[in-house]
Every structure is written in structure tokens, then in C-alpha cells.
Amino acid sequence: MEYTGHPIVQAHEMVMPCESPETGILGYIAIHSTRLGPALGGCRMYPYESRERALNDVLRLAKAMSYKAACAGLALGGGKAVIIGDPRRDKTPALWERFGRCVDALNGRYITAEDVGTTVADMAEVAKATKWVAGLTGDPSPYTARGVLAGMRACVARRLGRGDLRGVRVAVQGLGKVGMALAELLHREGAVLVVADVDAERRRRAEERLGARAVAPEEIMEQDVEVFAPCAMGGVLDEVAAERLRAPVVAGAANNQLSGPEVGWRLQERGILYAPDYVVNAGGLIFCYYEIKGGGEEATLRHVERIAENLQQVFRRAEAEGISTAEAADRLAEACIARGAP
Ligand code: NAI
């Protein structure tokens, strides 16, 4: 069964419920577009309050994957899966087998991978039922961090006229898989780190190993720094944050950083250069692409470094058309998808 009646399904190629005869609905798989290639996107597991919420999320996330792949210059479409459940309690081999069979039924139009709430080990279970799984050879996060670093260098060069990150003050929000890897890379480049995490142990580790100064989570956005790097949750840049932010550059890994398009405009008005999230955080997706296609570490890293050029293209378009950088990224992605070539 495919859904067509949902108000935002029109923009998508398809959305399909994953069902289990024993437990009913497990979640959904959505494909936004396969114009550039098979739709690759992770499987999120989350205790959604309702099926409607899960459906909305999968549709939104699938579209974002199309845009991310297009801007990264990858021959990939955009898709996503969500499983309704608590990742700490509800995982069973039977669930992954059922999900794997749903993925398999799409015969390669959708390729799954890990995402929030799912792990490499879960995907190994899924792979018992389908070959359409990526992200099995390791954690994509270090590649995401490398891409953010490349993007940050491009932003600092454009906004501050600086050729490297030595002595540049960077505030990193969130020291998880990407944030900690990014902080380590920044430390090696000679950047001065201010960090925040709700987890005290991670803050302590960054202080001890990277000479970072840790601040309370609610203070990180107002630090007197050159770069703010959001690497925790989405929606951090709302109207209040857009007024309070002191950094002239925002470049970080978190998905959906802007609470709405008006925030992109406000940042621009304030002279803050915003690196659109899905352009700068594409390193993990690039890693998955080369895992499927082959090409090895060198080709992967070369492609990840190209994130800097992709961003320059976004900035040029924003300037030429008098639009926000977020809007410019959307237009570039839409043009790629419309012409069917990355
Ligand atoms: P993670 O779950 O490993 O790390 C998130 C970190 O943020 C944790 O250390 C957590 O304690 C911290 N945190 C949570 N709330 C916070 C708050 N209010 N203030 C400060 N710190 C807080 O997640 P991961 O994988 O590092 O991803 C980070 C972000 O990047 C997420 O938004 C994710 O969707 C996005 N992303 C990740 C990719 C990857 O390759 N892992 C790829 C593309 C995007």
C-alpha cells in the first residue's frame, strides 16, 4: 500500500507503511526523489506520539536527503525510514527482519542506513533480510566532522578573510560523535575552543584533552567567538538566538538548525554567514555513497573536501540573487533535481 492523500505527499514519489502481522504498523518508508539515483537515507527509531507525527517526520526527512545529496554532487536520491518505538526497549531481531523485508520489497529504490536511535549493529540485523543497506563498515560521523571542518574553513575565509583556523575562536555546541571529532580536528588546526554539552564527562574530556573552555549549555550561543558550530539538536537557531548570537559565522553539523526561513534572513541582515546545514554536514552521506559505490578512503575524503566548494557556490548564488544562504542552497538543490543531474 502507498499513501497519496497526505497533504505533503504530492512532492514525494511514494510513502509506504511498514507493517507486521503480529504488531501492526512498525513505521514508514518515504522516497522523495530518485531522479539523481537510488534514494539513500537512514532509518530513525523514535517513540513518536502518533502515526501522523511519524509520517510527517519521514516525509520531511526524505526531502532533506534529496536536497543534501543534490548539493553534495552525489548520484543519489532522497529517502528515509522511521520506526515507531523506543530504541532502548523495543529493538528485536524480528523487528529488524520485518523492516529489512520492507526495504527489500522496494528492490533498491530505497537504501537504508543508521540514523538517530539506530546503530551499525541494528543495520547488520537488517542486512540479513536485504542487501539494500549502507553504513555497515563503520561510523560516518568522523567524515561528517571532516566536512564541517572544510566548510568552516571556507566560511572563515569568506567572512573574515582568514586563510586558516589558527587562533580562530570556535564555540562547539554538543560533544557527541560529530562534535567531539570536530573539536579534535579544530584543536589540531590551532583553533581556540569553547564547548558545551549536557554531559559533564564529555565537557571534562574536551577540557583535559583539547584545552577547551567549557561553559553551561545555555551560554554557548552568546560566546564572544568567530564561529558558532551547532552539533547537538535541530531548531537551535530561532528568532531569539538570531538576535543573541555574537559569532559572525555559523557552521555546524546539526540537522534543521533554522527554526524557520525568516531566521536565515535575520542572520543575513545581521551580517552572520550561515553555512546551510545540509550542505555542510554531507560528509556522512558521502561516506555511505562510496561504501556502496566503492572508491575507497582517498576518493571519499576528496569528495568530502569538496563541501568547501559547494558552499562557495551557495554563497555566490545568495549574493547574486539577494537571498539568504539557506534559500540559495534550496534553489541549487531544486535545480539539480529538476535537471536530473547532480
Ligand atoms: P550525538 O547524539 O552523538 O551527539 C549529540 C551531543 O549533543 C551529545 O553529546 C549530547 O549530550 C549533546 N547535547 C544534547 N543536547 C544538548 C544541549 N542542549 N546543549 C549542548 N549539548 C547537547 O549526535 P551526532 O551523531 O554527533 O550528531 C549531532 C548532530 O549532527 C545531530 O543533529 C545529527 O542529526 C547531525 N548529523 C549527524 C551526522 C553524523 O554523521 N553523525 C550526519 C549529519 C548530521
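Atoms within each ligand, like the ligands themselves, are counted from 1 in listed order. Note that the coordinates shown come from a computational prediction; the quantities given were computed from them, not determined experimentally.
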Give me the residue, atom name and distance of the protein heavy atom closest to [atom].
atom	answer
atom 21 (N) of ligand 1	D197 CA, 3.5 Å
atom 4 (O) of ligand 1	G176 CA, 3.2 Å
atom 18 (N) of ligand 1	M233 CE, 3.4 Å
atom 29 (C) of ligand 1	A232 O, 3.3 Å
atom 33 (C) of ligand 1	N255 ND2, 4.0 Å
atom 23 (O) of ligand 1	K177 NZ, 4.3 Å

For Y28, the option from P17, C18, C102 that meets side chain to side chain contact (heavy atoms under 4.5 Å, CB included):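 Single pass found, and it is P17.
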Using side chain to side chain contact (heavy atoms under 4.5 Å, CB included) as the criterion, point out the one residue from R169, H187, R166, R213 that pairs with V192.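 So, applying the side chain to side chain contact (heavy atoms under 4.5 Å, CB included) to V192 and each of R169, H187, R166, R213, only R169 qualifies.
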Which heavy atom of P342 sits nearest to which heavy atom of C336, and what is that distance?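 Looking at all heavy atoms of both residues, the closest pair is C-SG, 4.1 Å.
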List ligand 1 atoms under 4.0 Å from [X], heavy atoms only on the residue side.
X	answer
S141	39 (C), 40 (O), 41 (N)
L175	9 (O)
A254	29 (C), 30 (O), 32 (O), 35 (C)
P217	19 (N)

Below 3.5 angstrom, do we get any N/O pair linking [X] and ligand 1?
X	value
T144	yes
R44	no
A253	yes
R202	yes
K68	no
N281	no
V178	yes

Look only at the side chain of D90 and the backbone of D86, and say whether a donor-acceptor pair between them is shorter than 3.5 Å.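 Checking the backbone N and O of D86 against the side chain of D90, a donor-acceptor pair under 3.5 Å is found.
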When you measure from the side chain of R270 to the backbone N and O of A242, does any donor-acceptor pair fall under 3.5 Å?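 Such a contact is found between R270 side chain and A242 backbone.
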Hey, is E262 close enough to R266 for a salt bridge, meaning N to O under 4.0 Å?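 Salt bridge absent between E262 and R266.
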Salt bridge flag under 4.0 Å for residues E184 and R205: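 Looking at R205 together with E184, the answer is no, because their closest N to O distance does not fall below 4.0 Å.
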Taking only non-hydrogen atoms of C231, do any sit less than 4.0 angstrom from ligand 1?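 Contact present.
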Closer than 4.0 Å: a protein non-hydrogen atom to atom 2 (O) of ligand 1: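 Not a single protein heavy atom is under 4.0 Å away.
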Within reach of ligand 1, part of I220 (heavy-atom separation under 4.0 Å):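 The answer is neither.
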Which option, V215, L182, V198, V236, owns the non-hydrogen atom nearest atom 17 (C) of ligand 1?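 The option holding the nearest heavy atom is V198.
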Show your working on side chain to side chain donor-acceptor pair (under 3.5 Å) between D104 and T130 and close with a plain yes or no. CA-CA 5 Å; D104 204 57; T130 182; 2.8 Å; yes
When the ring planes of Y143 and F287 are compared, do they come out parallel, tilted or perpendicular, using 30° and 60° as the limits?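 Parallel.
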Can you list the steps and then say if R203 with E207 is a salt bridge (Lys or Arg N to Asp or Glu O under 4.0 Å)? CA-CA 6 Å; R203 288 198 306 263; E207 281 178 318; over 6 Å; no
Taking C-beta and beyond as the side chain, do [X] and [Y] meet within less than 4.5 Å on heavy atoms?
X	Y	answer
L59	H32	no
E327	R317	no
R109	I31	yes

